[in-house]
Undergrad: 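I'd like to ask some things about the structure below.
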Amino acid sequence: MPGSPDPTDLAATLAGPVAEVAPRLLGGVLRHGDVVARVVEVEAYAGADDPASHAHRGPTPRNGVMFGPPGRLYCYLSHGIHVCANVSAEADGVPAAVLLRAVTVVEGDRIVRERRGSRVAVRDLARGPGRLTEALGIGLGHDGQDLAHGLLTLAPAPAQVAFEAGPRIGVRRAADRPWRFWVPGTPVSSYRRHRGADQEW
DNA sequence: GCTCCGATTATCT
DNA sequence: GATAATCGGAGCG
């Protein structure tokens, strides 16, 4: 169907410059089996021009998905223990990804509780990239998965939701680049500057 | 090989 | 607010 692009087409939604398309994922629906959650916080990571990005120095075995087509899941292990989940962006061959930092659980609360613990505060169920993947049951085995079909999917919101922007959390380089986006009034991470963060911009 | 160091989190003061 | 835990990658020689 020619004309205006389908806003619910994940790959088309993510095909543009990552800092522009990242906030479009806010309000989107992330689903893994019976667990459904709404995306409320993301960060944009680009390629050679973004020194904070894994793809900054070119492709490696780990970051390969960032160089592939948009709409795939890029999973990596952080600090030896935490899995972080990203969605690849920009055209096939151009490295970029959107880090999923926080979601709010819409359905499947019981399953999430089994994974995260019954005593965890509601606001901490999936606030933070490591907690998010634990809550959704996302692991390194999901690296490279197409999020348009299957058990694990991401459906963009039909229309852009209101959002705010600020610097990315915990990055040493390009520390002032305002590439974190979140939905006001939802539980998101509190900002932490990296110790000895570079000046840039 | 070998070293350095996190796109984090839980726990402490 | 500050810091330890923890280990796979990336960078370098």
Undergrad: Please report, rounded to the nearest Å, how far the P atom of B/dA7 is from the CD1 atom of A/Ile81.
TA: 14 Å
Undergrad: Given atom CZ of A/Arg192 and atom C1' of B/dT9, what is their separation to the nearest angstrom?
TA: 8 Å
Undergrad: Who clusters with A/Val29? Use side-chain heavy atoms, under 4.5 angstrom, across I, L, V, M, F, W and Y, and order the result by chain and number.
TA: A/Val36, A/Val106
Undergrad: Under 4.0 Å between any heavy atoms, over every strand shown, what does A/His54 touch: base, sugar-phosphate, or nothing? Just pick one.
TA: base
Undergrad: Roughly, in whole Å, what's the span from CG in A/Leu77 to P in B/dA7?
TA: 12 Å
Undergrad: When you get a sec, tell me which of C/dG11, C/dA10, B/dT9 is the closest nucleotide to the side chain of A/Arg57?
TA: C/dG11
Undergrad: B/dA10, B/dT8, B/dA7: which one has an atom nearest the side-chain heavy atoms of A/Leu99?
TA: B/dA7
Undergrad: Taking only side-chain N and O atoms of A/Arg131, does any of them lie within less than 4.0 angstrom of OP1 or OP2 on B/dA10?
TA: yes
Undergrad: Distance check needed: B/dA7 C1' versus A/Tyr191 OH, whole Å only.
TA: 12 Å
Undergrad: Please measure how far the C1' atom in C/dT3 lies from the corresponding atom in B/dC5, and state the result in whole Å.
TA: 16 Å
Undergrad: Would A/Arg127 and A/Ser189 satisfy side chain to side chain donor-acceptor pair (under 3.5 Å), going step by step from the backbone distance to the final call?
TA: CA-CA 6 Å; A/Arg127 182 177 64 107; A/Ser189 310; 5.7 Å; no
Undergrad: In terms of side-chain heavy atoms of A/Arg172, which of B/dA7, B/dG6, B/dT9 is nearest?
TA: B/dG6
Undergrad: Given B/dT9, C/dA10, B/dA7, identify the nucleotide with an atom nearest to the side chain of A/Thr60.
TA: C/dA10
Undergrad: Looking at C/dG8, I'd like to know if its phosphate oxygens (OP1 or OP2) sit under 4.0 Å from a side-chain N or O belonging to A/Arg62.
TA: no
Undergrad: Kindly give the heavy-atom pair with the smallest separation between A/His142 and A/Leu152, and that separation in Å.
TA: CD2-CD2, 3.7 Å
Undergrad: Is A/Arg173 close enough to B/dG6 that one of its side-chain N or O atoms is under 4.0 Å from OP1 or OP2 there?
TA: no
Undergrad: In whole angstrom, give the distance that lies between atom CZ of A/Arg195 and atom P of B/dC5.
TA: 10 Å
Undergrad: When the distance from NE2 of A/His82 to C1' of C/dA4 is rounded to whole Å, what number comes out?
TA: 12 Å
Undergrad: Whole angstroms only, please: what is the CD1-P distance between A/Ile138 and B/dA7?
TA: 19 Å
Undergrad: With a cut-off of under 6.0 Å to the ring centre and 45° to the axis, is A/Arg168 in cation-pi contact with A/Tyr45?
TA: yes
Undergrad: Can you find a side chain N or O atom of A/His79 that sits less than 4.0 Å from OP1 or OP2 on B/dC5?
TA: no
Undergrad: Treat a base pair as Watson-Crick or G-U wobble with both distances under 3.5 Å, then lay out DNA chain C in dot-bracket form, 5' to 3', with | for cross-strand pairs.
TA: |||||.||||||.
Undergrad: How close or far is atom P of B/dA7 from atom CZ of A/Arg193, stated in whole angstroms?
TA: 15 Å
